[in-house]
There are 2 protein chains.
Amino acid sequence: MGLQQPRTRIQQKNRETILAAALEVFAQHGFRGATLDMIATEAGLSKPNVLYYFPSKEAIHVTLLSQLMDTWLDPLRDLDAGGDPITELRVYVRRKLDLSRDYPRQSRLFANEIIQGAPRMQSALATDLKALVDEKSAIIAGWAKAGRIADVDPHHLIFSIWALTQHYADFEVQIRAVLGDGRDPLAEAESFLDMLFSRLLAP
Amino acid sequence: MGLQQPRTRIQQKNRETILAAALEVFAQHGFRGATLDMIATEAGLSKPNVLYYFPSKEAIHVTLLSQLMDTWLDPLRDLDAGGDPITELRVYVRRKLDLSRDYPRQSRLFANEIIQGAPRMQSALATDLKALVDEKSAIIAGWAKAGRIADVDPHHLIFSIWALTQHYADFEVQIRAVLGDGRDPLAEAESFLDMLFSRLLAP
DNA sequence: TTGGTTTTTGACCATTTGGTCAATCGGACG
DNA sequence: CGTCCGATTGACCAAATGGTCAAAAACCAA
């Protein structure tokens with residue numbers, strides 16, 4: 001039964017429930033480590049019922065990944081050539097860090113996929129993602145050439161923003177272990193990264 | 001058969017062969033995604049033969065992880081309170097980046113483990129790793145207080161070094177997809193990170 | 001060569017897991 | 001109330017997988 005778009009209220013609800021459960025399970029165990037039983041239990045449904053709403057385990061995974069790319073790239077899409085360069089980039093960093101705080105599971109799902117060679121995203125990376133990054137890199141390069149920010153390589157600037165913000169979601173366990181209790185990693189990260197990029201970008 | 005330490009030449013060699021194969025397979029597929037058959041094939045041995053040298057799949061994984069922690073923390077151990085602060089930290093960044101270049105599989109193995117909650121490393125993180133980071137953070141804090149480097153949070157400085165260097169190994173697929181062919185990500189990263197930390201740390 | 005030890009493997013096993021299916025359930029509508 | 005269609009599930013299956021074991025092969029010292 002191909003449920004391209006939900007027709008009934010209950011389909012809508014159950015598909016969402018399954019996706020939320022699958023996100024939790026995939027993020028924690030990776031694609032192979034996750035089982036349909038785990039997802040079904042987490043969703044409060046039976047395994048055959050889960051497969052009534054999605055044709056396969058892989059279909060659930062693919063659905064999650066495509067949803068992810070969309071919201072994940074929003075902050076970069078909003079980088080505005082007409083805005084103040086430093087402000088634009090600072091806002092981008094902050095919004096990216098907000099994503100790490102509010103959606104750590106999505107971040108880990110994505111990280112799992114990329115680390116293992118992005119077997120289900122290769123094309124999306126080389127086309128959509130590359131196009132967007134190239135476009136925004138041109139904007140940043142323009143700012144640099146105009147002397148409005150320091151002369152940094154735009155691609156690596158973007159990579160550094162990704163690396164630094166996602167690190168706080170993906171490696172949360174390590175960070176908490178090292179910092180010990182009683183500290184708020186994400187809050188500290190916000191001011192640290194603000195300072196870091198201020199110093200890096202100042203003309 | 002518990003082969004705590006190899007007694008014969010052939011044991012030594014086969015254990016190393018298996019660990020090398022397992023590193024490749026675990027890094028690419030994660031613990032659950034890797035199968036003993038994959039490891040055996042990669043090692044050029046039969047599955048029962050692999051289990052002759054290691055008691056279980058998990059034992060292979062644990063062996064790799066403990067080996068990893070050791071070499072992985074060496075550069076941080078060498079951070080010398082008596083050296084020139086900027087130089088010491090620059091060397092640390094460069095050596096960490098060298099590890100990403102030379103041992104990307106180890107980096108991904110570690111990343112896989114941490115992202116999934118470090119089920120087999122929790123204790124090592126909270127004890128050994130925390131102790132080392134706290135010790136070196138104290139040194140960095142001393143440099144900052146003496147005005148020899150900028151006033152940065154030492155823990156987050158170390159996190160940022162980890163994030164930025166390991167990103168080039170763990171997310172290599174993404175970076176290559178975005179940069180396209182004909183560029184050398186690691187070479188570019190070296191100069192980019194050198195500049196980034198120069199600006200960040202200058203008093 | 002021989003006897004004993006180490007190494008290797010084919011056959012096998014129990015469990016897990018993704019997925020199927022016929023049968024049942026349940027609610028909305030006439 | 002009865003019918004129909006979407007929703008749910010217990011039972012089941014085939015393949016994959018971690019691991020075992022007895023026997024064969026390779027090796028080595030005397």
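Chain naming here is simple, since letters A, B, ... match the order of the sequence lines and numbering starts at 1 in each.
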Only distances under 3.5 Å count here; give the side-chain donor-acceptor pairs of residues 190-201 of chain B to other protein atoms, sequence neighbours excluded, each with its distance to 0.1 Å.
from     : atom 1 : to       : atom 2 : distance (Å)
B:Glu190 : OE1    : B:Arg101 : NH2    : 3.4
B:Ser191 : OG     : B:Glu188 : O      : 3.1
B:Asp194 : OD1    : B:Arg90  : NE     : 3.4
B:Asp194 : OD2    : B:Arg90  : NH2    : 2.9
B:Ser198 : OG     : B:Arg90  : NH1    : 3.4
B:Ser198 : OG     : B:Asp194 : O      : 2.7
B:Arg199 : NH1    : A:Ala202 : O      : 3.3

Counting primed atoms, P, OP1 and OP2 as sugar-phosphate and everything else as base, the B/S/- map of nucleotides 8-25 of chain D against protein heavy atoms under 4.0 Å is BBB------SBBBB----

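Phosphate proximity of D:dA7 to A:Gln11: present, with a side-chain N or O under 4.0 Å from OP1 or OP2.
When the P atom of C:dG18 is taken as reference, atom CD1 of A:Ile39 falls 8 Å away, rounded to whole Å. As rounded to whole Å, 11 Å separates atom C1' of D:dA7 from atom NZ of A:Lys13.
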Could you walk me through whether A:Phe54 and A:His61 satisfy the ring pair (Phe, Tyr, Trp, His ring centres under 6.0 Å) test, starting with their C-alpha distance in whole Å, then the side-chain angles of each, then the deciding distance to 0.1 Å, before giving a yes or no?
CA-CA 10 Å; A:Phe54 290 90; A:His61 196 246; over 10 Å; no

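A ring-centre distance under 6.0 Å is found for A:Tyr168 and B:His156.
In this structure, the side chains of B:Asp170 and A:Ile114 stay at 4.5 Å or more apart for every pair of heavy atoms.
Cation-pi check for B:Arg120 over B:Phe31 is met; the charged atom lies under 6.0 angstrom from the ring centroid and within 45 degrees of its normal.
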